[in-house]
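Remember, it's a predicted structure, so these values are computed and weren't measured experimentally.
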Number of protein chains: 2
Amino acid sequence: MSQKPASSDRPPEALRLDNQLCFALYGAANRMTRLYRPMLDALGLTYPQYLAMLVLWEASPRTVGALGDALDLDSSTLTPLLKRLEAGGLVERHRDPDDERRVIVALTDKGRALRDQAETIPEKLFCALDMPLEAVGTLRERLKTLAK
Amino acid sequence: MSQKPASSDRPPEALRLDNQLCFALYGAANRMTRLYRPMLDALGLTYPQYLAMLVLWEASPRTVGALGDALDLDSSTLTPLLKRLEAGGLVERHRDPDDERRVIVALTDKGRALRDQAETIPEKLFCALDMPLEAVGTLRERLKTLAK
DNA sequence: AACGATTTAATCGTGCGCGATATAAATGCA
DNA sequence: TGCATTTATATCGCGCACGATTAAATCGTT
């Protein structure tokens, strides 16, 4: 009954899009960005900018390097992003006098104030997800350790 | 003992980066792309190009719209990507004679042949993940339904 | 003090994602 | 038939991600 698949029977299961963790992750990440977009538009932030602001709301000032460590991004991504946040008046950037290689990124009053508007976002997003709180936590922790 | 957090005690738990499903997803997706990159470089493909090829290896030819449905991308993303695949000789694009609005994307012999080289990728990636097969499947299915 | 190695950030080019818009073909319907 | 509407793809601009490179400051060793 069973038969060894000939070359023409490919793709094998392993290459089917449906079986790819990578595609599930890719699609979920794209959909998540779309879910945030309308809320972040109201704050004048993009999705990666929002993540950078989360880091700064926890601790400001921070060096570019420290931000990069927290977000797992390097300066070629962060520098232009931070310049846009600076242009929007949310942060200030200046060289560290103690080590001129470093650039210190600090929230402005406007940047700190934006946190108040952001506070409603997690709740709204949780509702949009329509998923038990515990399941969200489980998934989040699983993703944190994925490929790391 | 307990105290109501004052305004200065923010950010509240809800805004902490550690608690964000969106950031876990963002980071995992970035890391996944990095994990694939060396393998895909060998095939001359980017990560989204690889996903498009997976779709075509399952069924070619397909219209741009059908590819977009499968990948959840629209023509503004796909058209340039497909032009690059065409420039690389992996696909051909031509208008559907039965409906001149549609563009049909078909694998070339070279595009079909690339599948042989791609076949080793899922196994290599699974090893790199270092995660039980069942856990990969569970995570994948969970992600498929996330925010959809 | 000198000088090579390391660290830190910026710059540049390429390829996504996607909103907004454009264009052309097909369809609906009065 | 004629014309508005809908559908399918393409175009354009912006903001990431990231590899490769550059430039400057600091560190370590002698």
Side-chain angles (χ1 to χ4, degrees), chain A residues 22-23 25-38 40-41 44-53 61-69 71-88 90-91 93-105, chain B residues 22-23 25-38 40-41 44-53 61-69 71-88 90-91 93-105:
Chain A
C22 71
F23 177 60
L25 196 53
Y26 170 85
N30 285 345
R31 291 192 301 275
M32 187 64 76
T33 310
R34 289 174 207 153
L35 209 53
Y36 270 93
R37 190 181 305 277
L40 295 181
D41 280 350
L45 292 175
T46 66
Y47 185 70
Q49 285 168 13
Y50 172 68
L51 298 176
M53 291 301 287
R62 311 262 282 234
T63 65
V64 172
L67 279 166
D69 288 345
L71 296 168
D72 196 9
L73 294 172
D74 72 16
S75 71
S76 58
T77 298
L78 274 178
T79 297
L81 185 154
L82 293 170
K83 283 184 175 180
R84 284 183 282 269
L85 290 180
E86 189 178 37
L90 300 177
V91 306
R93 300 180 320 129
H94 52 79
R95 292 274 165 188
D96 182 348
D98 293 343
D99 183 344
E100 293 278 350
R101 290 172 304 182
R102 298 184 203 273
V103 166
I104 294 177
V105 181
Chain B
C22 71
F23 177 61
L25 196 53
Y26 169 85
N30 285 345
R31 292 193 302 275
M32 188 65 76
T33 309
R34 289 173 206 153
L35 209 54
Y36 271 93
R37 190 180 306 274
L40 295 181
D41 280 350
L45 292 175
T46 66
Y47 185 71
Q49 285 168 13
Y50 172 68
L51 297 177
M53 291 300 287
R62 310 263 282 235
T63 64
V64 171
L67 279 166
D69 288 344
L71 295 169
D72 195 11
L73 294 173
D74 75 5
S75 72
S76 59
T77 299
L78 275 177
T79 297
L81 184 153
L82 293 170
K83 282 184 175 180
R84 284 184 282 269
L85 289 181
E86 188 178 36
L90 300 177
V91 307
R93 299 181 318 128
H94 52 79
R95 291 275 164 186
D96 182 348
D98 293 342
D99 183 342
E100 293 279 349
R101 290 172 305 183
R102 298 184 205 274
V103 166
I104 293 176
V105 181

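Considering only side-chain N and O atoms, A/Gln49 lies under 4.0 angstrom from the phosphate OP1 or OP2 of D/dC16. In this structure, A/Tyr47 does not reach the D/dG15 phosphate: none of its side-chain N or O atoms is under 4.0 Å from OP1 or OP2.
Counting heavy atoms from C-beta outward, B/Leu90 and B/Leu45 have side chains that approach closer than 4.5 Å. Between B/Arg34 and A/Asp72 the shortest side-chain heavy-atom distance falls below 4.5 Å. The shortest distance between side-chain heavy atoms of A/Thr46 and A/Leu40 does not fall below 4.5 Å.
Atom CG of B/Asn30 sits about 12.5 Å away from atom CG of B/Leu35, to the nearest 0.5 Å. Here A/Leu71 contributes atom CG and A/Thr77 contributes atom OG1; the two are 10.0 Å apart, rounded to the nearest 0.5 Å. In this structure, OG1 in A/Thr33 is found 9.0 Å from OH in B/Tyr26, a value given to the nearest 0.5 Å. The CD atom of A/Gln49 lies 5.0 Å from the CG atom of A/Leu85; values are rounded to the nearest 0.5 Å.
Toward the 5' end of DNA chain D, the nearer of the two residues A/Thr46 and B/Pro80, judged by each one's closest nucleotide, is B/Pro80. Along DNA chain C, the nucleotide closest to A/Lys83 and the one closest to A/Arg34 are compared, and the more 5′ of them pairs with A/Lys83.
Rounded to whole Å, the distance from CG on B/Leu67 to C1' on D/dA10 is 15 Å. Look at CG on B/Leu81: it is 8 Å from P on C/dG17, rounded to the nearest Å. Between A/Arg62 atom CZ and C/dT8 atom C1' the separation is 17 Å, expressed in whole Å. Rounded to whole angstrom, the span from the NE2 atom of B/His94 across to the P atom of D/dA10 amounts to 12 Å. Put simply, CG on B/Asp74 is 12 Å from C1' on D/dT11, counting in whole angstrom units. C/dT8 atom C1' lies 13 Å from atom CG of A/Leu78, rounded to whole Å. Distance, B/Leu51 CG to C/dG15 P: 17 Å, rounded to whole Å. When rounded to the nearest whole Å, the span between CG of A/Leu82 and P of C/dA10 equals 8 Å.
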> Reading nucleotides 3-9 of chain D from the 5' end, what letters show protein touch, with B for base, S for backbone sugar-phosphate only, - for no heavy atom under 4.0 Å?
Replying inline: ----BSB

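Comparing the end axes of the helix from C/dA1-D/dT30 to C/dA30-D/dT1, each fitted to five base pairs by superposing C1' atoms of four pairs onto the next four, gives an inter-axis angle of 10° (nearest 10 degrees).
Not a single donor-acceptor pair, N or O on each side, falls under 3.5 Å between the base of C/dG17 and the side chain of A/Thr33.
At least one donor-acceptor pair closer than 3.5 Å links the side chain of B/Tyr47 to the backbone N or O of A/Cys22.
Relative to the side chain of B/Arg84, the nucleotides C/dG19, C/dG15, D/dA17 differ in distance, and C/dG15 lies closest.
Within the 4.0 angstrom heavy-atom criterion, base atoms lie near B/Thr77. Residue A/Ser76 is classed as a base contact, given a heavy-atom separation below 4.0 Å to a base.
The salt bridge (Lys or Arg N to Asp or Glu O under 4.0 Å) test applied to A/Arg31 returns no partner, not counting sequence neighbours.
The aromatic rings of A/Tyr36 and A/Tyr50 sit tilted, their planes meeting at an angle between 30° and 60°.
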